[in-house]
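When a ligand or atom number is given, it counts from 1 through the structure's own listing order.
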Amino acid sequence: MTDIYYSSTRGGERGATASQAILKGLAEDGGLFMPDKIPALDISPAKMVGMTYREIAYEVMKLYLTDFTEDELKSCIASAYDSKFDTEEIAPLARADGAYYLELFHGSTIAFKDMALSILPHLMTVSARKNKADHTIVILTATSGDTGKAAMAGFADVEGTRIIVFYPKNGVSRVQELQMLTQKGENTSVVGISGNFDDAQNGVKKIFGDREFAKELAARGYQLSSANSINIGRLVPQIVYYVYAYVKLLEHGEIGEGEKINITVPTGNFGNILAAYLAKRMGLPVGTLLCASNDNKVLYDFFCTGVYDRRREFILTSSPSMDILISSNLERLIYLSSGCDAAKTRELMASLAGEGSYSVSNEMREKMSDFRGGFATQEENAAEIRRLYDKTGYLIDTHTGVASCVYRKYAEETGDKTKTVIASTASPYKFLKSVMEAVSGTEKGAADEFSLIPEMERVSGVPVPAAIRDLEAAAIRHDRQCSPEKMKETVSDILK
Ligand SMILES: *Cc1c(COP(=O)(O)O)cnc(C)c1O
């Protein structure tokens, strides 16, 4: 197997091993780590028929994490994809109204972030050992609601780590907030900021780029890393379930060998859909990648026009985990589409930071033609959740609703009949109020979200997940808040 090394999308760092890239999270020049080449699957999907999720995870991840031994990687995989998931299948496919919903929410925090964040702490610990890193690793994370909880659940009480999560105080669902505020673990901290997700993410990136602060922390025995999808250790495990879904479709006779499928992904930071793209580049038969946005449709506009422009109103929607105007992982697609031109990528990212926008050449757009943007307004989203439920009895959450709606509109407009996998990114129980409002078509007013649990259980026929059952009674353990300007001071204070 050829060794894979990682370089920054901005050119300032080259030749990092996978374990070094995972440990660092973000490259020193503020760029994102990318593999110097995208490896091809060395075993065909047809040959993977009959394999378990763990076995497929190994076949995919070994191609990227080439400095991990077989034992190391297999043990990380075994510790991650175990009974924390409520189904042996780990990521089951549900067929409804002609599409395949890939349920990525069977982990401990019932959102797709669990798929990567159940393994990241293990990859991180092995990486620290390999590189003889003796500092405490401090995971700094910005969250639009789901990453924070999933990362804390993964890192809670993991020796040699601390984790600090920043979330938009008024930008997450009640369930999401309670999940975070009740998090146990001596090494976990949660901070609500008076700003939106972009503010949180910018603040975290600024801290990563602060060399002086890094030195100061190093002197105190700390090294920063990231659990956001800017970390390559998040991205690689996300490739797995697309390969897995394809293999299962093949196994169940839903598609033939080599048949192309389309994939629709409800998108925010562009991490999940980028993983699907990497799966395609590795040789998985995939046609179109439908990038579904909510009312914050900066990506839709980008794929239509080639202009990325974040200068617009930030809209709080019923799919809060997609309320993002600066999609970090798009930088990786920019880099790939420019022929791995780090200078070009740096220039475009500087323009985004300075002017708030950039535009790409037609040649680069050509290279992105696997992608197609779509969006669903809040009303369209609710209507789709209701329509699908009325027709099939299958209940989806508000993020999956955006993807489902975008897929239906696309299929109608184009007549494309390609079998389609829709990434189903959260359990409807995580967004009780919005989902029940969508299904019933009536406002639930100021009613306590938790009072809707029995109704959702009756409507969906899905038992209340463990993650929800004990939440209401759980003790609040965190109450820190700060302004976006004070994030660095807050980190310093927490680490006192
Ligand atoms: C994070 C998240 C998304 C967006 O995923 P990206 O990788 O940021 O594009 C969509 N849905 C849910 C439920 C999420 O938690």
Trainee: Should the heavy atoms of other residues, nucleotides or ligands under 6.0 Å from CD of E88 be counted, would the total exceed 12?
Mentor: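 Not buried by this count: 12 neighbours or fewer within 6.0 Å.
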Trainee: Could you list each N/O atom of ligand 1 together with any protein N/O atom closer than 3.5 Å, one pair per line with the distance?
Mentor:
{"from": "ligand 1", "atom 1": "7 (O)", "to": "G271", "atom 2": "N", "distance (Å)": "3.2"}
{"from": "ligand 1", "atom 1": "7 (O)", "to": "N272", "atom 2": "N", "distance (Å)": "2.9"}
{"from": "ligand 1", "atom 1": "8 (O)", "to": "N269", "atom 2": "N", "distance (Å)": "2.8"}
{"from": "ligand 1", "atom 1": "9 (O)", "to": "G268", "atom 2": "N", "distance (Å)": "2.8"}
{"from": "ligand 1", "atom 1": "9 (O)", "to": "N269", "atom 2": "N", "distance (Å)": "3.2"}
{"from": "ligand 1", "atom 1": "9 (O)", "to": "F270", "atom 2": "N", "distance (Å)": "3.0"}
{"from": "ligand 1", "atom 1": "11 (N)", "to": "T425", "atom 2": "OG1", "distance (Å)": "2.9"}
{"from": "ligand 1", "atom 1": "15 (O)", "to": "K113", "atom 2": "NZ", "distance (Å)": "2.6"}
{"from": "ligand 1", "atom 1": "15 (O)", "to": "D146", "atom 2": "OD2", "distance (Å)": "2.4"}

Trainee: When you check the gap from the basic side-chain N to the acidic O, do D29 and R10 get nearer than 4.0 Å?
Mentor: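 Salt bridge absent between D29 and R10.
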Trainee: Checking side-chain polar atoms at under 3.5 Å, does N329 have a donor or acceptor matched by the opposite partner on R332?
Mentor: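 Checked: N329/R332 side chains pair up, N/O donor to acceptor below 3.5 Å.
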Trainee: Is the shortest side-chain N to carboxylate O distance from R54 to D82 below 4.0 Å?
Mentor: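 Salt bridge absent between R54 and D82.
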Trainee: Is the distance between the ring centroids of F431 and H399 under 6.0 Å?
Mentor: yes
Trainee: Answer yes or no on whether K297 is positioned over the face of F302, meaning its NZ or CZ is under 6.0 Å from the six-membered ring centre and within 45° of the axis.
Mentor: no
